[in-house]
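Working notes, structure below.
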Amino acid sequence: MLGEGNVAHTAMSGNGTTAGDDPLQTAVWRLRSRACWADAAAMITPTTPAAALQRASLLVERCLYTEAGWEEAEDALRTAEAVAHTDDERGAAACERGYLAYAATLFQVRDRADEARAALGRAAALIAPGAAGRALLDFRRGLIAENLTRSPQAARAAYRRAHAGAAAHADPLLLSATWRHLAGLALREGELAEARHGFAESLRIREELGYLVGTAPALVSLAETEEEPEASRLREEARRLFRLLGGVPTWLAGQLGHVSSPGRVPPAEGAASA
């Protein structure tokens, strides 16, 4: 996910579904949205910094949804880091490095919290203020503040910056994530109406984009703010999508009444940023 004007950023933001886009990017988006990250990554030849980073981004995202594919993501990320030349490219690669380290920590694969913070710090020094990639960086710093540092105030500030940046740069998928995480903080503070609005906006955007893999988590979140029978209807729709996509995202299994991986402690709902 690169800075403004970069092909990888555009593709990873979810804009690959708009008319007139590169057919390759449209195909990658469709595969990604249906939880086929490996197939999407296989379509991309990492011969340029943008392509290498996009491929790494897809494989890192797969880790967040499936808790698998860590080595492939590491290999792809090392390639992206090796071919990055500009500050923007190096900053975007560092942002992905921090996100992968965050995921490994979140899912208790290995404690890489310090690495995650350091990588996102490097990204902040390299990505220019106001660049499109800055919004994604702010969002990921919010995730670390919320789920690793346990600082909801810092998380809210970061999510708000990311929200404003996503709106300014017309990044609907990131906007759906910022709506969702701001709503999650509101819900924990008992602000039910604010939470319902944010979750509804997140779901609306994902449905409009056709982002199937992110729709089930959005449905579950909105159900937390609704009364019966609407809450049950939303959860049943989430179960249908979860089964359709082969049990992805894995961390949603417990909330939908499915059996989670033995011995694994699932992250807080939404912590994986889906």
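- Checked against the 6.0 Å centroid criterion, the rings of Phe139 and His163 do not qualify as a close aromatic pair.
- Between Pro217 and Pro249, some side-chain heavy-atom pair lies under the 4.5 Å cut-off.
- Scanning all heavy atoms of the two residues, the minimum distance from Ala76 to Arg55 falls at CB-NH1, 3.5 Å.
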**OP:** Quick one: do Arg240 and Glu236 satisfy salt bridge (Lys or Arg N to Asp or Glu O under 4.0 Å)? Show the steps, please.
**Re:** CA-CA 6 Å; Arg240 186 187 71 80; Glu236 185 52 42; over 6 Å; no
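- Annotation: side chain of Leu120 is not in contact with side chain of Tyr99 (no heavy-atom distance under 4.5 Å).
- Note on Leu203: it clusters hydrophobically with Leu256, by side-chain heavy-atom contacts below 4.5 Å among ILVMFWY residues.
- The cluster map of Ile, Leu, Val, Met, Phe, Trp and Tyr, joined by side-chain heavy atoms under 4.5 Å apart, puts Leu100 and Leu126 in different clusters.
- Considering every non-hydrogen atom in both Ala155 and Gly142, the closest pair reads CB-O, 3.5 Å.
- Of the listed residues (Glu226, Glu230, Glu224), just one forms a side-chain hydrogen bond (donor to acceptor under 3.5 Å, both in side chains) with Arg235, and that residue is Glu224.
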Subject >> Thr215 vs Arg206, side chain to side chain donor-acceptor pair (under 3.5 Å): CA-CA, chis, key distance, verdict >> reply: CA-CA 6 Å; Thr215 299; Arg206 291 173 185 208; over 6 Å; no
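- A side-chain donor-acceptor contact under 3.5 Å links His85 to the backbone of Val83.
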Original post:
Taking it one step at a time, do Arg141 and Asp138 satisfy salt bridge (Lys or Arg N to Asp or Glu O under 4.0 Å)?
Top reply: CA-CA 5 Å; Arg141 295 181 100 173; Asp138 283 333; 5.2 Å; no
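- Counting heavy atoms from C-beta outward, Thr79 and Asp75 have side chains that stay 4.5 Å or more apart.
- The two atoms that bring Ala119 and Arg97 nearest to each other are CB-CG, 3.7 Å, heavy atoms only.
- Under the side-chain hydrogen bond (donor to acceptor under 3.5 Å, both in side chains) criterion, Glu207 pairs with no residue at all, not counting sequence neighbours.
- The side-chain heavy atoms of Trp70 and Phe107, taken from C-beta on, include a pair separated by under 4.5 Å.
- At a threshold of 4.5 Å between non-hydrogen side-chain atoms, the residues Leu234 and Val220 do not count as touching.
- Applying the ring-ring contact (aromatic ring centres under 6.0 Å, His included) test to pairs two or more places apart or on separate chains, those with a residue in residues 36-60 are Trp37-Tyr65.
- Linking ILVMFWY side-chain heavy atoms closer than 4.5 Å, directly or via other members, places Leu59 and Leu245 in two distinct hydrophobic clusters.
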**OP:** Mind running salt bridge (Lys or Arg N to Asp or Glu O under 4.0 Å) on Arg156 and Glu191 for me, showing each step along the way?
**Re:** CA-CA 14 Å; Arg156 182 181 292 103; Glu191 300 292 340; over 6 Å; no
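- In the hydrophobic clustering of ILVMFWY residues, with side-chain heavy atoms under 4.5 Å counting as a link, Leu143 and Val213 come out together.
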Original post:
Would Leu175 and Glu201 count as a side chain to side chain contact (heavy atoms under 4.5 Å, CB included) if you check the C-alpha gap in whole Å, the side-chain angles of each, and the deciding distance to 0.1 Å?
Top reply: CA-CA 9 Å; Leu175 198 62; Glu201 284 296 298; over 6 Å; no
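- Proximity of Tyr159 to Glu146: side-chain heavy atoms (C-beta onward) are separated by under 4.5 Å at one or more points.
- Under the 4.5 Å side-chain criterion, counting only non-hydrogen atoms from C-beta, Leu148 is in contact with Thr105.
- Remark: Glu228 CD is packed, more than 12 non-hydrogen atoms of other residues, nucleotides or ligands lying under 6.0 Å away.
- Follow the hydrophobic side-chain contacts under 4.5 Å out from Val248 and you reach Leu212 in the same cluster.
- Under the 4.5 Å side-chain criterion, counting only non-hydrogen atoms from C-beta, Leu187 is in contact with Leu192.
- Here the closest heavy-atom approach between residue Ile205 and residue Pro172 is recorded as CG2-O, 3.3 Å.
- Separating the CG atom in Leu182 from the NE2 atom in His197 is a distance of 10.5 Å, to the nearest 0.5 Å.
- Considering all non-hydrogen atoms of both residues, Ala84 and Pro49 come closest at CA-CB, 4.5 Å.
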